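We count ligands from 1, going down the list as the structure has it; atoms in each ligand are counted the same way. All values derive from a computational prediction rather than experimental measurement.
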Amino acid sequence: MTSAPTAPTRPADLTDDELARLRALTVRSHAIITAVQQPGGAYPACTSFSAYAGYAWFRDGSFTAEGISRFGDVASADAFHDWCAAVLTSRADTVADLLRRADTHDPPTVAEMLPTRFTYTGDTGQDPWWDFQTDGYGMWLWAVLTHADRHQRPLDRWLPAIGIAVDYLCAFWDRPCYDWWEEHLEHRHVSTLAAIAGGLSCVVDSGPLDEERAARARQAVTGIRSLVASQGTADGHLTKWLGTDAVDGSLPAAIVPFGLVPHDSPVAGATLAAVQRDLDVGGGVHRFRADVFYGGGQWLLLSALLGWNLAAAGDTTSAWRHLRWIAAHAGADGQMPEQVPDHLLYPQHRQEWVEQWGPVATPLLWSHGMYLILADELGLLHPRPQDQP
Ligand code: BGC
């Protein structure tokens with residue numbers, strides 16, 4: 001939904017060696033992601049991390065697939081979308097039942113809603129998880145339609161699943177659910193609502209829906225926009241959930257790629273400024289000020305998300321800063337962690353997580369996918385003459 005800037009952007013102090021390393025990391029990211037892609041197409045979140053091993057998320061996978069699609073590996077992205085489509089179509093009856101009960105005196109319970117993560121073969125896992133999250137289904141709609149448009153992929157094979165996701169989101173977009181970080185079931189989260197609106201808008205704009213479904217999707221987007229405008233802003237910026245004044249590192253996604261607010265609007269500018277002020281420390285971005293997970297470090301994927309937004313807003317200098325920060329935190333083997341502990345919000349909480357779940361998830365495929373996206377925004381995937389060493 002955004003295009004790489006056309007003006008020369010290479011920072012003056014970027015050496016040829018560093019540029020070559022930044023490019024090599026795109027190739028390495030693609031290799032790391034595809035090495036663990038499953039035969040059925042799933043992108044595992046992180047195969048080596050105890051709490052994530054065995055599972056694939058629509059959220060992580062959608063952004064990872066976008067990076068892979070931009071990299072040009074059409075077959076890998078196709079396979080991921082096939083996996084998502086199979087997950088949804090195999091639950092067509094379940095979703096039909098949820099929809100039947102949506103507006104009755106017996107609405108589905110949280111435990112009955114679609115999960116947020118699935119086993120590699122598309123089954124519902126047996127391990128307890130904070131499973132009811134709606135954002136991933138909106139993200140998938142955005143990712144599959146953006147990929148199909150970029151590479152002229154016929155939509156037919158994904159259409160039945162697209163219809164199921166649209167129906168599910170139109171019926172349940174306004175229910176409180178766990179957020180991107182699998183927390184706060186009691187709230188309605190602006191980044192979740194933005195992902196849903198972004199996905200539904202993509203489908204409406206791409207035109208594959210029948211008129212009745214398209215009308216429902218448009219109505220849901222309008223509902224989300226007015227709800228966020230009335231309850232999801234404070235001091236001129238978007239907020240973490242409805243009714244707070246705090247921000248979250250995921251909020252830039254409401255601007256790019258999900259377009260809940262236009263990238264040149266005052267609320268977009270104020271949101272990026274608030275995230276920079278409250279969460280960006282030296283190029284690395286925290287999830288939110290109260291984050292205690294592994295002590296509350298800085299997340300590579302959020303640094304990329306902010307950089308992507310800044311690039312779209314024309315601030316390529318800052319976008320390069322985020323790309324270089326991410327690259328500087330890849331291991332010697334190019335593997336990127338979920339978060340780094342350079343600046344911890346709650347250092348006293350780090351050890352309890354290490355003891356519970358082991359070292360921070362590495363490599364996290366979502367980190368690599370986001371690196372590919374930001375690298376593409378800055379012209380590194382498709383080098384222009386002025387960027388050549
Ligand atoms: C994060 C989620 C992510 C999951 C798998 C969790 O710790 O909060 O956003 O989807 O890990 O990477």
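- Smallest separation of non-hydrogen atoms from Ala253 and Trp180: CB-CH2, 3.7 Å.
- Close contacts of ligand 1 with Trp57, meaning ligand atoms under 4.0 Å from a residue heavy atom, involve 4 (C), 5 (C), 10 (O).
- Ligand 1 has no nitrogen or oxygen under 3.5 angstrom from a nitrogen or oxygen of Trp366.
- For atom 3 (C) of ligand 1, the closest non-hydrogen atom of the protein is Asp60 OD1, 3.5 Å.
- Contact of the Trp366 side chain with the Leu300 side chain is not registered, since no non-hydrogen atoms from C-beta on lie closer than 4.5 Å.
- Under a 4.0 Å criterion applied to the non-hydrogen atoms of Glu338, ligand 1 contributes the atoms 7 (O), 11 (O).
- Contact annotation for Leu364 and ligand 1: only side-chain heavy atoms (C-beta onward) come within less than 4.0 Å of the ligand.
- Counting heavy atoms closer than 4.0 Å to ligand 1, residue Arg287 contributes side-chain atoms (C-beta onward) but none from N, CA, C or O.
- The aromatic rings of Tyr52 and Trp357 sit perpendicular, their planes meeting at an angle over 60°, well past the 30° parallel limit.
- Contacts with ligand 1 closer than 4.0 Å are made by heavy atoms of both the backbone and the side chain of Trp181.
- Classified by interplanar angle (parallel below 30°, tilted 30° to 60°, perpendicular above 60°), the ring pair Tyr137/Phe58 is tilted.
- Using the six-membered ring where Trp is involved, Trp158 and His81 have ring planes that are perpendicular, over 60° apart on the 30 and 60° scheme.
- The shortest N or O to N or O distance between Trp180 and ligand 1 is under 3.5 Å.
- Ionic pairing of Asp97 and Arg101 is present here: one or more N-O contacts between side-chain nitrogen and carboxylate oxygen are shorter than 4.0 angstrom.
- Nearest non-hydrogen protein atom to atom 7 (O) of ligand 1 is Tyr52 OH, 2.4 Å.
- For ligand 1 and Ala45, the ligand atoms under 4.0 Å from any heavy atom of the residue are 5 (C), 12 (O).
- Taking a cutoff of 4.0 Å between a charged side-chain nitrogen and a carboxylate oxygen, Asp13 and Arg324 qualify as a salt bridge.
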